[in-house]
Amino acid sequence: MNYSDEAKSIKQALEENGIYSGLTSGISMEPLIHHQRDTVIIVKPEERLKKYDIPVYILPSGKYVMHRVVEVFDDHYTIVGDNLLKREYVTDDMIIGKLVAFYKNGKRYIDLETNKAYKLYSKIWVALLPLRALYYYPNRFVKRVKRVIARVFGRG
């Protein structure tokens with residue numbers, strides 16, 4: 001999502017009220033949070049982030065992002081989407097908010113601070129980060145081969 005009027009309103013809501021609630025956009029946090037299906041609750045962080053936190057931040061390009069902290073350093077964080085492999089390096093000045101809760105499918109409320117199942121999920125998901133490539137790369141390869149086969153045999 002680009003730093004559009006919507007992103008500005010999120011940033012404004014956080015600056016003015018300290019909280020924002022709305023639907024997500026994108027697949028980078030699946031399977032936890034789904035595109036246009038789950039409602040997130042974001043607050044302005046009161047302290048530095050910790051491992052497993054999910055910040056909302058703005059990249060220098062203006063892109064608005066929400067991914068998980070996998071490592072904390074004095075001057076930055078290493079952050080990765082739950083459905084991604086690429087690590088990003090984010091500084092505190094880029095962070096505008098922190099996910100504290102969400103409504104799964106608009107119904108079930110999940111508080112990230114108190115939900116034990118969520119905390120276990122976070123620890124397992126981060127621990128499995130080095131193994132994600134074993135799943136993602138073969139799947140991407142198979143999908144690419146299927147597209148090529150469909151193009152070749154679909155036209156003939």
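Numbers here simply count residues along the sequence, with the first being 1.
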How long is the straight-line distance from [atom2] of [Y] back to [atom1] of [X], given to the nearest 0.5 Å?
| X | Y | atom1 | atom2 | result |
| --- | --- | --- | --- | --- |
| Glu71 | His76 | CD | NE2 | 7.5 Å |
| Ile54 | Ile79 | CD1 | CD1 | 10.5 Å |
| Asn83 | Met29 | CG | CE | 9.5 Å |
| Ile42 | Lys44 | CD1 | NZ | 13.5 Å |
| Lys104 | Ile33 | NZ | CD1 | 7.5 Å |
| Ile41 | Leu99 | CD1 | CG | 8.5 Å |

Assess the residue pair Leu59 and Val65 against the criterion (side-chain contact (heavy atoms from CB on, under 4.5 Å)); give the C-alpha distance rounded to whole Å, side-chain angles, the decisive distance to 0.1 Å, and a yes or no.
CA-CA 7 Å; Leu59 297 174; Val65 183; 3.9 Å; yes

Does the pair Asn105 and Asp38 meet the rule for a side-chain contact (heavy atoms from CB on, under 4.5 Å), with working shown?
CA-CA 5 Å; Asn105 297 316; Asp38 299 326; 4.0 Å; yes

Pick from Thr78, Asp82, Val80: which one makes a side-chain contact (heavy atoms from CB on, under 4.5 Å) with Arg68?
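Passing option: Asp82.
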
Pair Val90-Ile95, side-chain contact (heavy atoms from CB on, under 4.5 Å): steps then yes or no
CA-CA 8 Å; Val90 175; Ile95 297 168; 3.9 Å; yes

Single-linkage hydrophobic cluster, 4.5 Å side-chain cutoff, Ile110 and Val43 together:
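Shared cluster, no.
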
Applying a strict under-4.5 Å side-chain criterion to I, L, V, M, F, W and Y, I'd like to know whether Trp125 and Val100 cluster together.
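Trp125 does not cluster with Val100.
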
Donor-acceptor side-chain pairing of Thr24 and His34 below 3.5 angstrom
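Not at all, the side chains of Thr24 and His34 share no donor-acceptor pair under 3.5 Å.
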
Is there a donor in the side chain of Asp92 and an acceptor in the side chain of Tyr57, or the other way round, less than 3.5 Å apart?
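Their side chains do not contain a donor-acceptor pair, so the 3.5 Å distance test is not met.
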
Using the salt bridge (charged side-chain N to carboxylate O under 4.0 Å, His left out) definition, which of the options Lys50, Lys98, Lys119 pairs with Glu113?
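Passing option: Lys98.
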
Is the number of heavy atoms from other residues, nucleotides or ligands within 6.0 Å of CD (Gln36) greater than 12?
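It does: Gln36 CD has more than 12 such atoms within range.
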
Given Tyr109, which of Tyr103, Phe102, Tyr118 fulfils the ring-ring contact (aromatic ring centres under 6.0 Å, His included) condition?
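Passing option: Tyr103.
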
